[in-house]
Structures are given as structure tokens and as C-alpha cells.
Amino acid sequence: MIKRGNPLFINFGELPLKQGVQKVPQIWMTYREVAEMLGCDADAARATTIQRELDRKKSRDGLTRVKLDPELTARFISMIRNADAALNQAVQELRNMHEMMARRARSGGHSTIYDDGGFAVSG
């Protein structure tokens, strides 16, 4: 199981889309971390990453890290969501806040600190 504090690198790259550019997470993991996620040993994880032709690079700490493809990224995100209910709740609250602020911005409305469940919102 991936635990907090592991030397996991998450960068944000750009993915060209028909309507512009979207930021997508780039998750880089060591073979050991991939192995933990897949439930296999590090050698099998290395073979899997080679077979999938994932990008690899040697980090300054001497460990090789691989960039997860969309399927493995989804698996990783699913794992961490299921691992921490408090994190899951915080992510959902951030999404709710983002949606609320986007609605306000589209409507041109203003709010006070007491609007929307007590969240401080400026508009």
C-alpha cells in the first residue's frame, strides 16, 4: 500500500486537447512503489513498465522513476482515495467550493462571508 511520505513525485504537464490545453498530473514512482501498487515484486513492476513503454528517468537520489500512464494513474488515484477518508472528504469539499465559485463568477453575483454554508467567498 502506498503510504504518505513516500518519495513520490507529482508534476503537472500539459495535454493538448481540441479546445486548448489541459493540465494533467504526471505521477512518477519508483519500481518498488509501482510494485506495491500492483501487488508484485520490483522486478515484475520493472518488466511491466518496460512493456508499457513508460517514460523513465534516474533521479538525483539514484533511484529510477517511471511516469505512470493514464490507466496506472487512475489506479493510483483510486488507491489513495480509498486509503484516507479525510482526504477524500477534503477533495470533495474543494470541488464543491470550486463549483460554487464558478457559478458565482458566471452569474456575476457577490457573496458575503456568511453565504454558502459559512465559507468566506469574495465575488
Side-chain angles (χ1 to χ4, degrees):
M1 174 64 117
I2 305 296
K3 299 174 189 80
R4 287 184 179 182
N6 277 352
L8 169 71
F9 295 99
I10 301 177
N11 298 320
F12 286 85
E14 294 184 348
L15 178 66
L17 298 175
K18 289 181 184 176
Q19 299 173 337
V21 174
Q22 177 185 7
K23 297 281 186 180
V24 294
Q26 293 182 8
I27 302 176
W28 293 82
M29 299 174 76
T30 65
Y31 293 127
R32 183 186 53 78
E33 292 166 337
V34 172
E36 288 177 16
M37 182 175 68
L38 297 178
C40 61
D41 64 25
D43 290 333
R46 182 177 181 276
T48 298
T49 62
I50 291 169
Q51 178 187 16
R52 288 177 174 248
E53 299 179 349
L54 301 181
D55 291 340
R56 294 175 284 167
K57 67 179 176 182
K58 183 85 77 168
S59 296
R60 284 184 266 174
D61 61 6
L63 298 174
T64 299
R65 288 186 167 73
V66 296
K67 182 171 76 171
L68 301 186
D69 60 14
E71 180 185 338
L72 291 175
T73 298
R75 187 171 181 163
F76 172 77
I77 290 171
S78 176
M79 274 181 49
I80 62 172
R81 280 188 177 155
N82 293 333
D84 191 339
L87 175 62
N88 224 7
Q89 180 65 31
V91 168
Q92 187 58 49
E93 289 173 5
L94 286 171
R95 283 188 181 134
N96 293 343
M97 177 61 70
H98 179 266
E99 290 171 14
M100 187 239 356
M101 291 175 75
R103 281 193 307 271
R104 291 244 179 225
R106 284 191 303 269
S107 70
H110 296 280
S111 61
T112 67
I113 195 165
Y114 300 108
D115 285 352
D116 303 302
F119 292 108
V121 179
S122 61

Report the distance from atom [atom1] of [X] to atom [atom2] of [Y], rounding to the nearest 0.5 Å.
| X | Y | atom1 | atom2 | answer |
| --- | --- | --- | --- | --- |
| Gln92 | Gln89 | CD | CD | 7.5 Å |
| Met79 | Leu38 | CE | CG | 9.0 Å |
| Arg75 | Leu72 | CZ | CG | 7.5 Å |
| Thr48 | Leu54 | OG1 | CG | 9.0 Å |

side-chain contact (heavy atoms from CB on, under 4.5 Å) partners of Ile77, counting only residues at least two apart: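 Here the qualifying residues are Thr73, Arg81.
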
Under the side-chain contact (heavy atoms from CB on, under 4.5 Å) test, residues paired with Glu71 that sit two or more places apart: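 Glu71: side-chain contact (heavy atoms from CB on, under 4.5 Å) contacts with Arg52, Asp69.
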
Backbone of Arg103 reached by a side-chain donor or acceptor of Ser107 within 3.5 Å: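 Pair found, side chain donor or acceptor close to backbone of Arg103.
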
Thr30 (side chain) donor-acceptor with Glu33 (main chain) under 3.5 angstrom: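 Here the side-chain-to-backbone pair exists.
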
Cationic N near anionic O, under 4.0 Å, Arg95 to Glu99: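 Salt bridge between Arg95 and Glu99, a charged N being under 4.0 Å from a carboxylate O: no.
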
Worked check of side-chain contact (heavy atoms from CB on, under 4.5 Å) between Asp55 and Val66: CA-CA 6 Å; Asp55 291 340; Val66 296; over 6 Å; no

Considering all heavy atoms, the nearest Ala45-Tyr31 contact: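 Looking at all heavy atoms of both residues, the closest pair is CB-O, 3.5 Å.
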
For the student: nearest non-hydrogen atoms of Ser59 and Arg65, plus distance: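 Looking at all heavy atoms of both residues, the closest pair is OG-NH1, 2.9 Å.
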
Check: Leu68 and Met29 side chains under 4.5 Å, non-hydrogen atoms: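 Side-chain contact under 4.5 Å: yes.
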
Criterion side-chain hydrogen bond (donor to acceptor under 3.5 Å, both in side chains) on Arg56 and Thr64, from CA distance to verdict: CA-CA 7 Å; Arg56 294 175 284 167; Thr64 299; over 6 Å; no

